[in-house]
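Throughout, protein chains are lettered first and strands after them, A, B, ... in sequence-line order, and every chain is numbered starting at 1.
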There are 2 protein chains.
Amino acid sequence: MDRHSSVSARSSPSSLRKRGRPTADERRRRETEILTTALSVFLKSGYGGSTLDELAAAARVTKRTLYTFFGDKAGLFAAMVTDLAAAVSLDAAYDSDTLETLATRIISRVHSDELVGLHRLVIAESTRFPELARILHSSGDARHIARLAEHIRTERGPASESLAEPLFSLLLGEKHRRRLLGIDPAPTAAQAAAHADAALRLLGLGRH
Amino acid sequence: MDRHSSVSARSSPSSLRKRGRPTADERRRRETEILTTALSVFLKSGYGGSTLDELAAAARVTKRTLYTFFGDKAGLFAAMVTDLAAAVSLDAAYDSDTLETLATRIISRVHSDELVGLHRLVIAESTRFPELARILHSSGDARHIARLAEHIRTERGPASESLAEPLFSLLLGEKHRRRLLGIDPAPTAAQAAAHADAALRLLGLGRH
DNA sequence: TTGTAATGACACCGTTTCGTATCATTCTAT
DNA sequence: ATAGAATGATACGAAACGGTGTCATTACAA
């Protein structure tokens, strides 16, 4: 058997992977690579449309490795979603912002191709994976609404705190439904800012 | 709809149907039955999860008939969605209502299990069937927003007409995201009315 | 009347896909 | 040092599934 001649053309050093048990480092690196590439594959083809061979090839591992890591296809999907949901909820570099910029950032985030695609995936599989739907909602929407409530409270007093949830609905808006349906592209930064401003003004939270 | 109630004939199974070419009546009856049962099957298992044998058995026809009617699985799915989308857009027995009752009816409609499930299906398959996504949006959301705009204009004047879209977003609300994710059940009539009232007040459209 | 289209029942085919098996190989754990 | 676990490469099995073929049978159309 001709050793390794097929991989000599690849430029990435990570593809010159030897056989045998990997080092602990390699093992960790590989796990994250599997999850990130799995996301891109699932986003492209959906859960049912993605095959294990496709997922394995994208991560440059064999199916065997996928099974030792995640048990089966459903396990890989669940791991991918929970991992990404955790990343979303940790995405909180926006503590010291004004309500306007916070709203703008939330819009850019929830309308991004990545998050819209993830929502599509989880909505599509919400029957098979109800737990993932709950996880995604808790670490996404619920977290965003809590952030908005916090800012509104400090800037406007506790009486206006109940505006956080309707405000979030307006930040999504009809635009987000078209995003989920694949009709609209992601908004530009300028569009996000304008949208945020309009939503805040509608609820009497805008700057005067 | 016209659910052929040969339920009691379960004992003498579906083979009570004769072979050979059906009458024109039977043909029409069968087409609607196929579409309605296809909806329930797709809602239960999703597009990829539903098999042709399952769909055929649910409609009490053979795969052969499905192919003569719709060509292939995708054709059946498309026919089912467009048929239902048309039904939604014709669901306009609410012309002479006040804004409050119109909003309440829209809430009950868009939060219904049927429409939420249809949205889930189309969102899940929006890559494979982009045209269906556009059709559903045009005959659903766009139509609802137009109705709201019409009522707002006649009751409040053309200046407030731009409130129709944000109002619709509030009528969906965070609740609808949880509906899509399968977290919440459909709202009761009382909840729908309360929700409508709260949304209208937020935008200054409520009664005083 | 006569040909044709549609249907049920059922078998069948080819492909896809999940999940395992095998074997050599390399690292980890003890 | 030695056993065991993890991996690459590859092939394979078993099942599911989309779609078609066949034949008898019935209604429609010309």
So, H137(B) versus E174(A): side-chain donor-acceptor pair below 3.5 Å or not?
yes
Here the distance between atom P of dA9(C) and atom CZ of R60(B), to the nearest Å, is 12 Å
Is the positively charged end of R27(A) above the ring of F69(A), judged by distance under 6.0 angstrom from the centroid and angle within 45° of the axis?
yes
Among the nucleotides dA6(D), dG21(D), dT7(C), which one has an atom lying closest to any side-chain atom of T65(B)?
dT7(C)
Run the salt bridge (Lys or Arg N to Asp or Glu O under 4.0 Å) test on K44(B) and E54(B) for me, step by step, so that the C-alpha distance in whole Å, both residues' side-chain angles and the decisive distance to 0.1 Å come before the verdict.
CA-CA 11 Å; K44(B) 192 185 61 184; E54(B) 196 181 357; 3.4 Å; yes
Taking every non-hydrogen atom, the tightest pair across T104(A) and A196(A)
OG1-CB, 3.5 Å
Could you check whether R201(A) pairs with D197(A) (Lys NZ or Arg NE/NH1/NH2 to Asp/Glu carboxylate O, under 4.0 Å)?
yes
Is any side-chain N or O of R27(B) closer than 4.0 Å to OP1 or OP2 of dA5(C)?
no
Going through the distances and angles, do R105(B) and E100(B) end up as a salt bridge (Lys or Arg N to Asp or Glu O under 4.0 Å)?
CA-CA 9 Å; R105(B) 288 194 193 182; E100(B) 285 80 7; over 6 Å; no
Grab the N/O contacts between the protein and nucleotides 11-18 of chain C below 3.5 Å, and write none if there aren't any.
residue: dC18(C); atom: OP1; partner: S50(A); partner atom: O; Å: 3.3
residue: dC18(C); atom: OP1; partner: K73(A); partner atom: NZ; Å: 3.1
residue: dC18(C); atom: OP2; partner: L52(A); partner atom: N; Å: 3.0

Is the ring centre of F77(B) less than 6.0 Å from the ring centre of F70(B)?
no
Heteroatom pairs (N/O) under 3.5 angstrom, protein to nucleotides 28-30 of chain C:
residue: dT28(C); atom: OP1; partner: A24(A); partner atom: N; Å: 3.2

Whole angstrom value for the distance that separates P of dG18(D) from CG of L55(B):
8 Å
Think K73(A) forms a cation-pi with Y47(A), using NZ or CZ under 6.0 Å from the six-ring centre and within 45 degrees of its axis?
yes
Is there, by distance only and without an angle test, a donor paired with an acceptor across the side chain of R64(A) and the base of dA21(C) below 3.5 Å?
yes
Residue from R178(B), R177(B), H111(B) passing side-chain hydrogen bond (donor to acceptor under 3.5 Å, both in side chains) with D184(B)
R178(B)
Whole angstroms only, please: what is the CZ-C1' distance between R29(A) and dA6(D)?
15 Å
F69(A) CZ to dG8(D) C1', in whole Å, measures 14 Å
Could you state the CG-P distance from L66(B) to dA6(C), rounded to the nearest angstrom?
14 Å
When rounded to whole Å, the CZ to P distance for the pair F70(A) and dG19(C) reads 14 Å
